[in-house]
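Numbers for residues simply follow the sequence, beginning at 1. Scope of the values below: all heavy atoms of this structure, side chains included, with no hydrogens, waters or symmetry mates.
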Amino acid sequence: MKEIIYNYDNIDFNDVNRIVRRAKIILINDDDCVLMCHSNNNYFLVGWHVEEDEDDILCLQREILEEVGVDIKFDGVVPFLTIKYINKDYPSVGVNTLSIANYYIFRSNLVPCYDKICLTKEEVDGDFKLEYIKLDKAISVLMDAIATASRKNVIYDTIDAITTYMRINNY
């Protein structure tokens, strides 16, 4: 598994006093299209925060149900990439946060069920939509989106994840 660590403030791991975990998944169909979420001018993969009582897999199953409207069970998937950020004074002064995002791959011809999607107010206000994008076009779509994105790091991480996946699978 590949690991990327961003530590712009040169924080020692011993000085971390908060850990945030995320799980995200690249959902790819038989046409080699990746399912992307789009909201508030941001493209992102399905997934988000791992809750206290969850492991990554339960988080991903919950997020797929919330964002795609499909109740799916899977096991045997393992992360292929971990991206870590160590941030000083985030989200407030005196709090040094380690954010860990594990990225998974799952091949499926999921068809979003829009009437079962459960969105946050921010996603609804941001005109949330799901879009299948050809894998070989995904990086250029993401690069084009950076100019107007409000969460540029999310897009950069998605680029890292898709690029790593493509490299592993010789695209």
Nearest 0.5 Å, what's the CD1-CG distance between Ile25 and Leu45? 9.5 Å
So, for Leu142 and Ile162, which heavy atoms are closest and what is the spacing to 0.1 Å? CD1-CD1, 3.9 Å
Side chain to side chain donor-acceptor pair (under 3.5 Å) pairs touching residues 131-145, sequence neighbours excluded, are Tyr43-Glu131
Contact summary for Phe80 and Tyr165, nearest pair of heavy atoms: CE1-N, 3.7 Å
Walk me through it: do Met143 and Ile139 pass the test side-chain contact (heavy atoms from CB on, under 4.5 Å)? CA-CA 6 Å; Met143 292 298 290; Ile139 299 302; 4.1 Å; yes
For residues 52-60, dump all side-chain donor-acceptor pairs below 3.5 Å to protein atoms at least two apart in sequence or in another chain.
unit_1, atom_1, unit_2, atom_2, d
Glu54, OE1, Glu51, N, 2.9
Glu54, OE1, Arg62, NH2, 3.0
Glu54, OE2, Arg62, NE, 2.6
Asp55, OD1, Ile57, N, 3.2
Asp55, OD1, Leu58, N, 2.8
Asp56, OD2, Asn102, ND2, 2.9
Asp56, OD2, Tyr104, OH, 2.7

Shortest non-hydrogen contact from Pro112 toward Val70: CA-CG2, 4.5 Å
Connected to Val16, directly or through other members, by ILVMFWY side-chain contacts below 4.5 Å are Ile5, Ile11, Phe13, Ile19, Ile86, Leu98, Ile100
Within a radius of less than 6.0 Å around CZ of Phe128, do more than 12 heavy atoms belonging to other residues, nucleotides or ligands occur? yes
Can you sort out the partners of Ser99 under side chain to side chain contact (heavy atoms under 4.5 Å, CB included), two or more places apart, ordered by chain and number? Val20, Arg22, Tyr85, Thr97
Take Met166 and Leu135 through the test side-chain contact (heavy atoms from CB on, under 4.5 Å) and record every step on the way to the result. CA-CA 8 Å; Met166 291 174 71; Leu135 196 55; 4.1 Å; yes
Starting from the C-alpha separation in whole Å, work towards a yes-or-no answer on side chain to side chain donor-acceptor pair (under 3.5 Å) for Asn29 and Asp31. CA-CA 5 Å; Asn29 67 16; Asp31 294 326; 4.5 Å; no
At what distance, to the nearest 0.5 angstrom, does CD1 of Ile83 lie from CG of Asp160? 4.5 Å
Test item: side-chain donor near acceptor, Tyr171 and Asp32, under 3.5 Å: yes
Is the closest side-chain heavy-atom distance between Val77 and Ile105 below 4.5 Å? no
In terms of hydrophobic clustering (I, L, V, M, F, W, Y; side-chain heavy atoms under 4.5 Å; direct or indirect links), are Phe106 and Val34 co-clustered? no
May I ask whether Val46 and Tyr114 are part of the same hydrophobic cluster, defined by side-chain heavy atoms of I, L, V, M, F, W, Y residues being less than 4.5 angstrom apart, directly or through others? yes
Identify the two heavy atoms, one from Ala149 and one from Ile155, that lie closest to each other, and give their separation to 0.1 Å. CB-CD1, 3.3 Å
Separation of Asp30 CG from Arg107 CZ (nearest 0.5 Å): 7.0 Å
Side chain to side chain donor-acceptor pair (under 3.5 Å) involving Asp71 - partner list, sequence neighbours excluded: Lys73
Validation row: Met1, Thr82 side chains within 4.5 angstrom (heavy atoms): yes
Heavy-atom distance under 4.5 Å between the side chains of Leu130 and Ile117, does that happen here? yes
Heavy atoms of other groups near Asp127 CG, more than 12 under 6.0 Å: no
In Å and rounded to the nearest 0.5 Å, what is the CH2 to CZ distance from Trp48 to Arg21? 15.0 Å
With clusters defined by side-chain heavy atoms of hydrophobic residues (ILVMFWY) lying less than 4.5 Å apart, directly or transitively, does Ile64 cluster with Leu119? yes
Paired with Met36, the side-chain contact (heavy atoms from CB on, under 4.5 Å) test is passed by just one of Thr158, Asn42, Ile26, Leu27, namely Thr158
Same hydrophobic cluster for Ile72 and Val68, using side-chain heavy-atom links shorter than 4.5 Å among ILVMFWY? yes
Closest non-hydrogen atoms of Tyr90 and Arg18, given as atom of the first, atom of the second and distance, are O-NH1, 4.0 Å
Asp89 versus Gly94, closest heavy-atom pair with distance: OD1-N, 2.8 Å
Return the CZ to CG distance between Arg151 and Asp157, rounded to the nearest 0.5 Å. 12.5 Å
For Lys84, the salt bridge (charged side-chain N to carboxylate O under 4.0 Å, His left out) test, sequence neighbours excluded, returns Glu3
Is it true that Ile28 and Leu35 fall in one hydrophobic cluster, defined by side-chain heavy atoms closer than 4.5 Å? no
Measuring from Asn96:CG to Asp9:CG, what's the distance to the nearest 0.5 Å? 8.0 Å
